[in-house]
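Indexing begins at 1, ligand by ligand and atom by atom, following the structure's order.
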Amino acid sequence: MAIGVFDSGVGGLTVHRKLVDRFPQADFVYLADQAHAPYGGLGGEEIVDLTRTGCRRLFEAGADVVVLACNTASAIALRRLQQTWLPEYRREVGRALNVLGIIVPTIEAATGRGWDQGPPLDGKIEKLEVLGVFCTAATAMSQVYEIEVQKRREDLAAFSEPCPGLAGLIELGAPVEELKVVVGDHVDALRRRIGRYPDKAILGCTHYEIVAPLFEAALPEGTTLIHQPSATADALERYFGRHGEYDLGTAGRREFLTTGTPGRQSDLVSQFWGAPVTFEAA
Ligand code: DGL
């Protein structure tokens with residue numbers, strides 16, 4: 001059995017990398033839905049259908065737990081799949097299975113408030129902090145970051161900044177100089193919209209983590225960057241601590257699948273992964 005990791009493309013490898021480092025003995029299957037990427041501009045129903053198909057493929061490949069290492073899928077599809085598909089699918093296959101997202105772990109890291117820490121603290125707000133969230137258009141439209149942050153911290157205001165096109169450029173392995181200009185424009189757009197730089201920032205699309213140094217360079221030193229891959233690895237470790245029912249395998253199997261064109265991924269991907277990554281046909 002294995003841990004499945006799903007993304008529309010190569011972005012989820014940022015999360016996958018941290019999970020592999022955290023659970024080195026476990027078996028992993030990664031699925032990139034490159035045939036349908038990018039997800040950021042698709043409609044809600046399409047994202048739900050594609051995510052369900054991706055999860056099913058990962059469960060068929062032996063995953064017990066699938067991590068949606070895609071903010072867009074987590075924002076749009078996770079709740080729907082957990083409520084309307086998973087219970088029946090579990091009965092069908094007759095084993096413990098689950099699908100987990102990456103947004104709540106990220107928000108817990110950004111707010112310092114986990115699921116077991118009760119309702120937001122009441123009281124006078126001494127200072128309002130601003131959290132900038134760079135993400136796809138679909139994630140920004142869902143307002144998931146604004147809603148989930150508000151539930152936990154009234155003194156933290158989240159603003160999502162859609163960056164349409166950026167994930168696609170990263171997926172295609174665009175030159176760093178081109179990406180630097182696009183990232184700089186989005187950071188500037190957020191600064192102009194909220195009147196100042198954010199105190200904290202989330203790269204709310206896994207693809208952006210691949211170019212995290214460009215965001216770091218465009219943001220002032222005082223802005224703290226919340227990293228989703230480590231927040232997700234922390235949350236998954238806590239989850240497995242509470243759920244001993246999953247068999248994660250012990251052979252250290254690493255399988256990389258794509259619905260798109262199989263083959264070696266871009267140099268940008270190899271750089272952050274630390275080795276060339278080659279996808280096989282899903
Ligand atoms: N990397 C995905 C995310 O975290 C989706 C990017 C896309 O396919 O548009 O949102």
Phe215 and Phe134 aromatic ring geometry - parallel, tilted or perpendicular at 30°/60° bounds: tilted

Would you please classify the geometry between the Tyr89 ring and the Trp85 ring as parallel, tilted or perpendicular, with 30° and 60° separating the classes? parallel

Is it true that Leu78 and Ile103 fall in one hydrophobic cluster, defined by side-chain heavy atoms closer than 4.5 Å? no

Tell me whether Phe23 shares a hydrophobic cluster with Val66, the cluster being built from Ile, Leu, Val, Met, Phe, Trp, Tyr side chains joined at under 4.5 Å. no

Centroid-centroid distance, Phe28 to His16, less than 6.0 Å: yes

Counting heavy atoms only, which of Gly40, Ala37, Gly165 is nearest atom 9 (O) of ligand 1? Gly40

Atom indices of ligand 1 within 4.0 angstrom of [X] heavy atoms, with elements:
X: Asp7; value: 1 (N), 2 (C)
X: His207; value: 1 (N), 2 (C), 6 (C)
X: Thr72; value: 3 (C), 5 (C), 10 (O)
X: Ser8; value: 5 (C), 6 (C), 7 (C), 8 (O)
X: Thr136; value: 6 (C), 9 (O), 10 (O)

Report yes or no: do Ser160 and Glu146 form a side-chain donor-acceptor pair below 3.5 Å? yes

What is the closest protein heavy atom to atom 3 (C) of ligand 1, and at what distance does it sit? Asn71 N, 3.3 Å

Say whether Tyr39, considering both its backbone and side-chain N or O atoms, lies within less than 3.5 Å of an N or O atom on ligand 1. yes

Rounded to the nearest 0.5 Å, the CD atom of Gln228 sits from the CD1 atom of Ile107 at a distance of 9.5 Å

Using a 4.0 Å heavy-atom cut-off, say whether [X] meets ligand 1 through its side chain, its backbone, both or neither.
X: Thr206; result: both
X: Cys205; result: both
X: Cys70; result: both

Gly11 near ligand 1, heavy-atom distance under 4.0 Å? no

Any donor-acceptor pair under 3.5 Å linking the side chain of Ser74 with the backbone of Leu68? yes

